[in-house]
Participant: 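Dropping a structure here in structure tokens format, bear with me for questions.
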Number of protein chains: 2
Amino acid sequence: MERPDAPPDVVIRRLPLYARSLRYLLEEGVHSVSSQELGERINVTAAQIRKDLSYFGEFGKQGIGYDVEKLLNHIDHILGLTHHWPLVVVGVGSLGQAIARYDGFQTQGLRIVGLFDSDPDKIGQMVDDLTIMDYSRLHAVISEHQARLAVIAVPATRAQEVADMLIEAGIRAILNYAPIILQTPDDVWVRYIDPVAVMHSLTYYLAREQGGAEVKRR
Amino acid sequence: MERPDAPPDVVIRRLPLYARSLRYLLEEGVHSVSSQELGERINVTAAQIRKDLSYFGEFGKQGIGYDVEKLLNHIDHILGLTHHWPLVVVGVGSLGQAIARYDGFQTQGLRIVGLFDSDPDKIGQMVDDLTIMDYSRLHAVISEHQARLAVIAVPATRAQEVADMLIEAGIRAILNYAPIILQTPDDVWVRYIDPVAVMHSLTYYLAREQGGAEVKRR
DNA sequence: GGGATTTTGTGAATTATAGCACAAGGTTTC
DNA sequence: GAAACCTTGTGCTATAATTCACAAAATCCC
């Protein structure tokens, strides 16, 4: 009875796409956009955009559409992107380095406050302006910055123990690049990025193609 | 009427996870597994696993479960992973390099046959045993290897034109890391990996938490 | 060998998600 | 200022995905 109708997670996962598209529109100098136009840009139906937004309020004007800047501000508020979220990255192989170097991670509401690795040779090295630290410093850094977000970019064999450490240290949401499903308490959010699995789902369709009539989409 | 009941895409996207878990089980020397046990490993219900597999045949034994090796072979066959898929990567920044260096890409049914970038300074450089090539060679390389899979790891501003080139050259499935939705013909498959968007969907839940009773999962 | 136990495969029921379609409200045009 | 036109927000309907629950095998154990 507290929350009569919490927005489903599918909706939450689409909001960042709306926000991004609105940012591009803003850069292009577009001031107003209809659900139709926005939908065409991101391959989503107009009705779905309107339905999604309706979970959070009424942001549009009939006959006009949405004010790009206002809607973007609303979505940023909904997503909690009005301030920066401190974040730690564990595993500084080539993937971890790519993450640490990626602009989009450092801007857009996220701020990497710690880079960790278990390899003694890497400890002390710098990636841009961040020093790679030993796991022994995990707890201190996470506490100090009140970080609740983490990225795991270690090999699959190490991912579960790293996750356990992170959660112990106060992390509440994890983006896991290791190809393994993590076992975590119910109050910890985990999302996965698994390019090989994605590729394998694509080979399924390619294997079946060979010049037949297609169905597809999504 | 040709295909009375094609398996939905959600099912196809889960198959690689089943396959991976089975590979781990095989390494551990486990010969037989029930849908229950498999499900617990990857946080999927037993019923869902059985339903998913039933789209493709009957692979289990009542009272026993599944033979790990046999089921793995079946799934690999379904996904077309009985041979290697040639693949090109466009964009050799730190992300593109991480992809090129990542073992899981080079093994597991995928083989990178071309690395491309538009930066003249990078052309000719090597990443492991692969030479970075100019876009002018895209068509030739894709034709030569009959590649139908590609990874896009260029900046968002360049992604659409790269996609157009790739499709023109014969690519039929794209994994896009650029933070932009691609416009492509209906017979081209596109999947997205967008870590910042994922992070932003997590901040939503963290922003709402602050010591209240949780609901979550998924 | 037969009773207890396990586990599959699958129709049926349930739940979740997406799309339709339209009243309501706002704008534009002349 | 009124007719024509847009576009939102949403109740309702349709479709999709998941879970339930159980008959039908297969095994195990005395």
Side-chain angles (χ1 to χ4, degrees), chain A residues 3-15 17-18 21-22 25 30-72 74-75 78 181 201 215-218, chain B residues 3-15 17-18 21-22 25 30-72 74-75 78 181 201 215-218:
Chain A
R3 282 195 267 171
D5 202 9
D9 188 58
V10 262
V11 173
I12 303 307
R13 289 202 311 266
R14 277 192 294 263
L15 290 183
L17 306 184
Y18 301 160
S21 194
L22 290 167
L25 285 168
V30 177
H31 291 284
S32 178
V33 70
S34 68
S35 56
Q36 182 68 35
E37 293 162 338
L38 187 58
E40 279 165 12
R41 287 192 161 232
I42 54 183
N43 295 344
V44 162
T45 64
Q48 181 153 81
I49 292 177
R50 297 200 301 273
K51 209 359 109 66
D52 285 357
L53 295 177
S54 76
Y55 280 100
F56 306 98
E58 307 193 358
F59 308 120
K61 269 218 179 77
Q62 286 164 334
I64 299 291
Y66 301 88
D67 180 285
V68 172
E69 191 169 4
K70 270 191 195 152
L71 181 54
L72 177 55
H74 277 300
I75 297 181
I78 294 164
I181 305 297
S201 73
V215 183
K216 104 132 184 172
R217 211 72 293 194
R218 171 95 302 214
Chain B
R3 283 196 267 172
D5 203 9
D9 189 57
V10 261
V11 173
I12 304 306
R13 290 204 311 268
R14 278 193 293 264
L15 290 183
L17 306 183
Y18 301 161
S21 193
L22 290 167
L25 285 167
V30 176
H31 291 284
S32 180
V33 70
S34 67
S35 56
Q36 182 68 35
E37 292 163 336
L38 187 58
E40 280 166 11
R41 288 191 160 234
I42 53 182
N43 295 345
V44 162
T45 64
Q48 182 153 80
I49 292 177
R50 297 201 301 273
K51 207 5 99 75
D52 285 356
L53 295 176
S54 76
Y55 280 100
F56 306 97
E58 308 193 358
F59 307 120
K61 270 217 178 77
Q62 285 164 334
I64 298 292
Y66 301 88
D67 179 285
V68 172
E69 191 169 4
K70 271 190 195 153
L71 181 54
L72 177 55
H74 277 299
I75 296 180
I78 293 165
I181 305 297
S201 73
V215 183
K216 103 131 184 172
R217 210 74 296 192
R218 167 100 309 204

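Chain A is the first sequence line, chain B the second, and so forth, proteins listed ahead of strands; every chain is numbered from 1. Values reported hereafter were calculated over all heavy atoms of this structure, with side chains retained and with hydrogens, waters and symmetry mates removed.
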Participant: Would you kindly give the NZ-to-C1' distance between B:Lys51 and C:dT15, to the nearest whole Å?
Facilitator: 13 Å
Participant: Where along residues 56-72 of chain B does a heavy atom fall under 4.0 Å from DNA chain D?
Facilitator: B:Gln62, B:Ile64
Participant: What is the distance, to the nearest angstrom, from the CD1 atom on B:Ile49 to the C1' atom on D:dT19?
Facilitator: 13 Å
Participant: What integer distance in Å separates A:Arg13:CZ from C:dA16:P?
Facilitator: 14 Å
Participant: Where the side chain of A:Ser54 is concerned, which of D:dT7, C:dC20, D:dG9 is the nearest nucleotide?
Facilitator: D:dG9
Participant: Answer yes or no: does a side-chain N or O of A:Ser35 lie under 4.0 Å from OP1 or OP2 of D:dT8?
Facilitator: yes
Participant: Considering all heavy atoms of both residues, which atom of A:Glu40 and which atom of A:Asn43 are nearest to each other, and what is their separation?
Facilitator: O-OD1, 3.6 Å
Participant: Select from A:Arg50 and A:Pro8 the residue whose nearest nucleotide in DNA chain C is closer to the 5' end of that strand.
Facilitator: A:Pro8
Participant: What's the CG-C1' distance between B:Asp9 and D:dA16, to the nearest Å?
Facilitator: 12 Å
Participant: Starting at atom CD of B:Gln48, determine the distance to atom P of D:dA21, rounded to an integer number of angstrom.
Facilitator: 17 Å
Participant: Can you tell me which residue among B:Leu38, B:Leu17, B:Ile49 is in a side chain to side chain contact (heavy atoms under 4.5 Å, CB included) with B:Val44?
Facilitator: B:Ile49
Participant: Can you list everything that forms a side-chain contact (heavy atoms from CB on, under 4.5 Å) with A:Ser32? Sequence neighbours excluded, please.
Facilitator: A:Ile64
Participant: If you round to the nearest 0.5 Å, how far is NZ of A:Lys61 from NZ of A:Lys70?
Facilitator: 5.5 Å
Participant: What is the separation between atom CG on A:Leu53 and atom P on D:dG9, rounded to the nearest whole Å?
Facilitator: 7 Å
Participant: Judged by atom type as modelled, is there a donor-acceptor pair below 3.5 Å linking the side chain of A:Gln48 to the main-chain atoms of A:Thr45?
Facilitator: no
Participant: Could you state the atom-to-atom distance from CD of B:Gln36 to C1' of D:dC20 in whole Å?
Facilitator: 14 Å
Participant: Looking at CG of B:Leu22 and OH of B:Tyr66, how far apart are the two atoms once the value is rounded to the nearest 0.5 Å?
Facilitator: 10.5 Å
Participant: Checking side chain to side chain donor-acceptor pair (under 3.5 Å) for the pair B:Ser201/A:Arg13: CA distance, chi angles, key distance, verdict?
Facilitator: CA-CA 5 Å; B:Ser201 73; A:Arg13 289 202 311 266; over 6 Å; no
Participant: Nearest to the side chain of A:Arg14, which nucleotide is it out of D:dT10, D:dA17, C:dA18?
Facilitator: C:dA18
Participant: Quick one: A:Leu38 CG to D:dT7 C1', roughly how many Å, whole number?
Facilitator: 14 Å
